[in-house]
Amino acid sequence: MRFKKMALGIAAAAMLGGGLLSGATPSNAEDQIYIPLLTYRTGPFAGSGTPIANGLHDYLTMLNERDGGIGGVKLAIEECETGYNAQKGVECYEGTKGKGAVVYNPYSTGITLQLIPKAPVDKIPILSMGYGLSATAVGSKFPWTFNAPATYWSQMSAIIKYIDSQDGGIKGKKIGFIYLDVGYGREPIPLLEELSKEMGFEVLLVPVGGKEMQNQSSHWLQVRKEKPDYMIMWGWGAMNPTAVKEAAKIRYPMDKFIGVWWSGGNVDLRPAGEDGKGYKSTNFHSTGTNYGAIQDIIKHVVDKGLSQVDKASVGDNYYNRGVMNAVLIAEAIRTAQEKTGVKAITGVEMRVGLENLNLTSERLAEIGLEGFTNPIKVTCDDHAGAHPIYIQQWDGKGWNKVSDWFTPMTERVRPKLVAAAEEWVKDKPDWETQTCE
Amino acid sequence: MLYREAGQFKTTYRADQAVFPIRQDFIGIIAILAVLFVVVPLTFNDFWLKSIMIPTLIFALAAIGLNLLTGYAGQLSLGTGGFMGVGAYACYKLATIFPDVNILIHIFLSGFFAAGVGFIFGLPSLRIKGFYLAVATLASQFFLEWAFGRIAWLYNYNDSGAIEVPTRTLFGVPITSATAAPVTQYLIVLAIVVLLTWVASNLVRGRFGRAWMAVRDMDIAAELIGIRLLPTKLMAFAISSYYAGVAGALMVFMWLGAAEVESFDINVSFQLLFMVIIGGLGSLLGCFLGAAFIWNLPIFLRAVPEMFGTHVNAATVEHIQFMIVGGLIVFFLIVEPNGLARMWAVAKEKLRRWPFPY
């Protein structure tokens, strides 16, 4: 009987007390900038999500520890666990937006799609760095969404351009595209299909469902049968290491297997090790720890035990991806403070900061990241920019840069982006747009 | 003392068969509705409405659908998530094909599409029973997931493969998409859920409900007393799917604002089954209790560390929460296998004798 009473008590507490506590603590302190981080360290995508979460968290914490925040204002950083699940992501968003969030980094194309319509209503910008809806690059149609340094479409065009520059061009070749069958993986398909018509190559689509991520033998059997000349991968989480291992098993030539920049983590290739030698992926920043800012992270955050990262993993590709994202946030905040004169900025000022973001090579040197990435500039009209990227290759232990920085096929991609953005806005008569210049 | 039915005499059959035969229950439900319709919209913030109240109501509606089928008619189903998806995609297609028709009409209509699909997948239920039927409904779940992901017409050939909710208004006030105020959406969801719950409560007390229960308890006996099994079971599938379909449409249009296949995957079906089992099979109240419990427990657990002012990192909370929720489900099933609704009934029984129990 005592158990029953206890159970009754638990049930009542859970049902009645639920959000009373979680929702009722908005801290609109004037002297801080609140940055919620939608991260995931659990579930099948934790392998990719954890290092990114660490990088994001550690760089921002380092700014707090070393400089006391940005422009004298402390950063309040809070992680919310999404598990790469769109519903949980929205719950995180609803739970944190009231605390004065300045920007959201959903780290999931699915969550980004949910948040795009909410951003102009709540006046909080979204920074989906190199992912999300490609069309949001058109700033005049999507004032509140940013996807610098490049969209998925730019990136796909870059990969095609790279293949075209290799032995004898792409014409007449067969290109296999293996992708995670969710919004993220499907995003580049329209561009790939259009380019295949324009440039005369054949496309083989190999979708991998979320539940089959770790069992891809049938997919690679298909690849073995169809013998595509190149394989392009849009994978994430547990899909990446599995794909590399399966490719090695059917002896697919690794140097003809090219991943998106979300399929190029050290964690993805380590399980395959030597077998993954030759695998390529795109990138837009460097790996390693030979940068002043990353040394500062080690000194001020990792060594003080303020991070969850294992020290050996600092400088891994995805860790640096998180750092890169945090740099964009921090620089946008700084720009916003300069442009608007407000110190403890809100989402409205943050949007100004993101739209005027200009990360020059001088500025990169100043913050201790000289050569870490190519200069990045965002404009009112172009929220992604056609920034150059490069190809890296796995040598069994780490990544090596094997191509120069080169620009995607901007002239082909941009008109398609504009058309897609117009198509998106078309049936939404009250959608907030803006005029640039 | 207060909760005592002594002195309430029923002089007609009508009065005896009322939804709430005890006057205190009637007053209680009026009070609860008053709180839900008046106090909640006035006092709750957006987080409460959007992340707790609206999802709880929507899941409760879907759970009612499943409970009609599993709890009342005894047909185990693992396809509720898929049927919710049918409602959502149907509503999306209707809303884009007929943009001028009011969205509320679409929401109610979309349930019929789900009912149709449920009817088709219910056909094998005459021949296969129990676990085998569960496997057949599982097949429907997988088929529907496949259809939502592969048939591009369903999501209007969107590049992302997701359905996005257009802004629609009611009396000039936006009620869907991000421009709608959470309060408006909450009130609409609440009104629809209350209406459909009232319909369900009449269904289960009437001819259909009695036929379902007869089939559930012993289908051969039911057949012998003149209940035709196939129409009865198919009706249960159709009505159950109608509820699930409306819940799915509400989920996308009044809560999420956009959805992918993942919003209707097998996990949703399992979650609903948990809600029905924990809440209480064959009880409408149980659907609400179960939905509130399963949906809000994780949110509650996540808030606990903050309550005590300690900071635990998000991932650890998530892991702990998985363990606690799992543990609690097992605990509840051991302590009260008949669900929360049964606990409530026991509590009411005690309340009648309070303060002088014997």
Side-chain angles (χ1 to χ4, degrees), chain A residues 3-4 6-8 10-11 13-15 17-26 39-42 46 50 53 78-81 83 85-87 90-91 94-95 97-98 109-110 113-114 116-122 133-135 181-183 186-187 189-190 209-210 308 420 427-430, chain B residues 44-48 50-52 55-56 96 99 145 149 159-162 164-167 174 177-179 182 255-263 265-266 289 292-293 295-297 299-304 306-307 313-319 322 328 331-332 334-336 340 343 346-347:
Chain A
F3 271 133
K4 285 206 179 181
M6 210 163 105
L8 209 69
I10 295 167
M15 280 183 284
L20 194 100
L21 321 138
S22 50
T25 49
T39 55
Y40 36 100
R41 297 167 184 271
T42 62
T50 310
E78 188 185 7
E79 283 190 39
C80 188
E81 174 72 31
N85 174 300
Q87 283 174 24
V90 173
E91 192 191 307
E94 297 289 341
K97 76 174 185 194
T109 298
L113 291 173
Q114 303 262 16
I116 287 170
K118 293 181 197 286
V121 179
D122 297 323
L133 188 69
S134 295
D181 196 10
V182 296
R186 294 192 204 111
E187 183 64 27
I189 294 176
Q308 296 183 50
D427 58 344
K428 300 176 182 68
D430 49 358
Chain B
F44 282 20
N45 62 18
D46 284 4
F47 173 78
W48 258 91
K50 264 275 115 92
S51 296
I52 295 180
T56 304
T96 46
E145 270 183 50
D159 296 341
S160 56
E164 285 152 2
V165 172
T167 307
S177 87
T179 40
W255 174 35
L256 293 176
E260 288 183 272
V261 190
E262 283 68 42
S263 307
D265 67 1
I266 182 79
L289 296 178
F293 184 74
W295 180 256
N296 295 333
L297 188 65
I299 300 177
F300 171 67
L301 288 176
R302 241 173 282 159
V304 166
E306 251 182 70
M307 227 163 83
N313 70 61
T316 316
V317 174
E318 191 78 4
H319 288 300
F322 275 132
L328 277 180
F331 175 74
F332 268 98
I334 293 169
V335 171
E336 185 52 84
L340 296 171
M343 270 189 195
V346 171

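As the structure is a computational prediction, the values presented were derived from the model and not from experiment. The sequence lines fix the lettering, A, B, ..., with proteins before strands; numbering per chain opens at 1.
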_For A/Glu94 against B/Ser51, the heavy-atom pair lying closest together_ = CB-OG, 3.5 Å

_Given heavy-atom pairs under 4.5 angstrom as the criterion, report whether the side chain, backbone, both or neither of A/Pro117 touches chain B._
both

*asked:* I'd like to check the side chain to side chain donor-acceptor pair (under 3.5 Å) partners of A/Glu91; sequence neighbours left out, ordered by chain and number.
replied: B/Arg302

*What distance separates A/Lys118 NZ from B/Lys50 NZ, expressed to the nearest 0.5 Å?*
4.5 Å

*For B/Ser263, is it the side chain, the backbone, both or neither that has a heavy atom under 4.5 Å from a heavy atom of chain A?*
both

*Among A/Glu187, A/Glu78, A/Gln87, which residue forms the greatest number of heavy-atom pairs with chain B at distances under 4.5 Å?*
A/Gln87

*asked:* Heavy-atom pairs under 4.5 Å with chain B - which of A/Leu133, A/Thr39, A/Ile116, A/Val182 has more of them than the others?
replied: A/Val182

*For A/Arg186 and B/Val261, which heavy atoms make the closest approach, and how far apart are they?*
NH2-CG2, 4.4 Å

*If you take all heavy atoms of A/Gln114 and B/Leu256, which pair is closest and at what distance?*
OE1-O, 2.9 Å

